[in-house]
S.K.: 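Structure below; questions to follow.
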Amino acid sequence: MILLVDAGNTRIKWRVISPGEPLRAVDEGALAHEAIGELAAICRRHAGLGRVFGCNVAGIGVANAIAAACGPLAVDWLHPGASCCGVRNLYEQPAQLGADRWAALIGARQTHAHACLVVTAGTATTVDLLSAAGDFLGGLILPGVDLMQQSLARGTAQLPLADGHFALQPRRTIDAIRSGCLQAQAGAVERMFCQIADAPGATCLLGGGAAASFADLLGIPLRRIDNLVLLGLGAIAGAAALTRH
């Protein structure tokens with residue numbers, strides 16, 4: 001079995017899979033960064049684990065902590081390439097694409113056979129175009145909802161960091177801040193979707209911890225799906241296992 005790890009800026013999501021069924025979770029969960037050590041218990045719970053495979057956007061310290069928690073198991077990190085599992089990477093320099101975005105695109109390809117917009121809303125929001133042929137056409141990175149609000153509080157003298165509510169016509173400053181950040185997310189997603197809107201079966205695949213905050217604002221075909229990164233990692237691990245055999 002393989003332990004898949006998606007090390008994000010806020011949480012560590014994990015999944016145990018069998019190479020024979022790479023898209024089915026034997027066990028899964030999520031941990032805060034300060035709880036990375038709990039991976040050791042997860043490894044002990046699944047005695048058949050042979051290795052750890054993941055992607056990491058949280059830095060070398062988190063990578064080292066994961067390796068320490070997993071003990072003797074080898075930890076391999078995903079490095080984006082030119083193509084994998086039916087997805088072709090059209091980035092000008094394919095290796096510079098974020099490993100989490102690459103894994104999410106591959107995960108999307110496993111779940112949707114048509115053109116799609118792959119959106120992960122977390123600390124940052126990524127908005128990536130995937131054609132029906134499996135070509136990654138390009139995408140956006142923007143601050144996530146909370147990060148947008150925090151930047152206004154840090155960078156201005158009179159705008160507070162407060163919990164506002166969404167309104168179409170906000171009449172309180174805190175609601176104006178919250179609504180502006182949510183509308184910015186939805187607007188970026190909808191503008192990108194326009195590029196594939198006429199493609200048969202085109203839809204937006206939306207996941208991430210902040211997805212629920214603006215999902216209802218989107219006026220495009222939408223499918224909520226979490227853990228695309230882990231799905232992609234599973235597909236890659238399964239393909240590698242087939243190649244070795």
S.K.: Any link between V62 and L31 through a network of hydrophobic side chains (Ile, Leu, Val, Met, Phe, Trp, Tyr) touching at under 4.5 Å?
M.R.: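 As far as the 4.5 Å side-chain criterion goes, L31 and V62 are connected within one cluster.
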S.K.: Can any side-chain N or O of H112 pair as donor or acceptor with the backbone N or O of G107 at less than 3.5 Å?
M.R.: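 Not at all, since once roles are kept as given, no pair shorter than 3.5 Å links the two residues.
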S.K.: Answer yes or no: is there a side-chain heavy-atom contact under 4.5 Å between I12 and H33?
M.R.: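 I12 vs H33: side chains touch.
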S.K.: Just by modelled atom types, is the H165 backbone N or O under 3.5 Å from a matching donor or acceptor in the D175 side chain?
M.R.: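 Yes; judged by distance alone, with no hydrogens or angles, the pair exists.
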S.K.: For the CG atom of L90 and the CZ atom of F136, what is their distance to the nearest 0.5 Å?
M.R.: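 If I round to the nearest 0.5 Å, the distance is 8.0 Å.
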S.K.: Decide side chain to side chain contact (heavy atoms under 4.5 Å, CB included) for F214 and V189; before the verdict, give the C-alpha distance in whole Å, the side-chain angles of both, and the deciding distance to 0.1 Å.
M.R.: CA-CA 10 Å; F214 63 87; V189 170; 4.2 Å; yes
S.K.: Answer whether the closest heavy-atom distance between the side chains of W102 and C84 falls below 4.5 Å.
M.R.: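 A side-chain contact exists here, since the closest heavy-atom pair is under 4.5 Å.
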S.K.: NE2 of H46 to CD1 of I2: how many Å apart, nearest 0.5 Å?
M.R.: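 It is 13.5 Å, given to the nearest 0.5 Å.
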S.K.: Could you tell me whether a side-chain N or O of T111 sits under 3.5 Å from a main-chain N or O of A108, the two making a donor and an acceptor?
M.R.: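 Yes: the side chain of T111 pairs with the backbone of A108.
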S.K.: Once rounded to the nearest 0.5 Å, what's the spacing between atom CG of L228 and atom CG of D6?
M.R.: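 If we round to the nearest 0.5 Å, L228:CG and D6:CG are 10.5 Å apart.
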S.K.: Report yes if the side chains of I236 and I106 come closer than 4.5 Å at any heavy-atom pair, otherwise no.
M.R.: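 Side chain of I236 against side chain of I106, heavy atoms only: contact under 4.5 Å found.
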S.K.: How about I17 and E28: do any of their side-chain heavy atoms sit closer than 4.5 Å?
M.R.: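 Contact flag for I17/E28 side chains = no.
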S.K.: Around R224, counting heavy atoms of other residues, nucleotides and ligands shown, do more than 12 lie under 6.0 Å from its CZ?
M.R.: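 More than 12 heavy atoms, drawn from other residues, nucleotides or ligands, come within 6.0 Å of this atom.
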S.K.: Kindly determine whether L73 and L3 satisfy side chain to side chain contact (heavy atoms under 4.5 Å, CB included), including the steps that lead there.
M.R.: CA-CA 10 Å; L73 293 176; L3 174 62; 5.7 Å; no
S.K.: Roughly how far apart are L231 CG and L23 CG, rounded to 0.5 Å?
M.R.: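 Those atoms lie 6.0 Å apart.
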S.K.: Report the residue from D128, T120, T126 that forms a side chain to side chain donor-acceptor pair (under 3.5 Å) with R101.
M.R.: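 The passing option is D128.
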S.K.: For a 4.5 angstrom cut-off between non-hydrogen side-chain atoms, does R178 reach Q149?
M.R.: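 Touching, per the 4.5 Å side-chain cut-off.
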S.K.: Group every Ile, Leu, Val, Met, Phe, Trp and Tyr by side-chain heavy-atom contacts under 4.5 Å, then state whether V118 and V145 land in the same group.
M.R.: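 In one cluster with V118: V145, no.
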S.K.: With a 4.5 Å cut-off on side-chain heavy atoms, are D163 and I174 touching?
M.R.: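 SC-SC contact between I174 and D163 ruled out.
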S.K.: For atom CG of D216, is the number of surrounding heavy atoms from other residues, nucleotides or ligands below 6.0 Å larger than 12?
M.R.: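 Count not over threshold, so no.
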S.K.: Do side-chain atoms of D135 reach the backbone of L137 as a donor and acceptor pair under 3.5 angstrom?
M.R.: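 Judged by distance alone, no pair lies under 3.5 Å.
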S.K.: For side chain to side chain contact (heavy atoms under 4.5 Å, CB included), just list the numbers for L161 and Q150, CA-CA rounded to whole Å, side-chain angles, deciding distance to a tenth of an Å, and then say yes or no.
M.R.: CA-CA 6 Å; L161 179 61; Q150 292 164 13; 4.2 Å; yes
S.K.: Hey, are the side chains of C43 and C70 touching, using non-hydrogen atoms and a 4.5 Å cut-off?
M.R.: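 Yes; the side chains approach each other to less than 4.5 Å.
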S.K.: Please check this pair: side chain of N56 against backbone of G59, looking for a donor-acceptor N/O pair closer than 3.5 Å.
M.R.: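 Flag set: sc N56 to bb G59 pair under 3.5 Å.
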S.K.: Less than 4.5 Å apart, side chain to side chain, heavy atoms only: is that true for L142 and M148?
M.R.: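 Result yes, sub-4.5 Å side-chain heavy-atom pair found.
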S.K.: Would you give the length of the straight line joining atom CZ of R223 to atom CG of L206, rounded to the nearest 0.5 angstrom?
M.R.: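 That separation rounds to 12.0 Å.
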S.K.: Give a yes or no on whether I220 and F166 share a hydrophobic cluster (residues Ile, Leu, Val, Met, Phe, Trp, Tyr; joining criterion: side-chain heavy atoms under 4.5 Å apart).
M.R.: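 Both belong to a single hydrophobic cluster.
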S.K.: Could you state the interatomic distance from CG (L130) to CZ (R109), rounded to the nearest 0.5 Å?
M.R.: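 Reported value, rounded in 0.5 Å steps: 6.0 Å.
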S.K.: Check this for me: R45, atom CZ, are more than 12 non-hydrogen atoms of other residues, nucleotides or ligands nearer than 6.0 Å?
M.R.: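 Yes.
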S.K.: Quick check on the hydrophobic clustering: are V75 and W14 connected, directly or via other members, by side-chain heavy-atom contacts under 4.5 Å?
M.R.: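 Yes; tracing contacts between hydrophobic side chains, which count when under 4.5 Å, links both residues.
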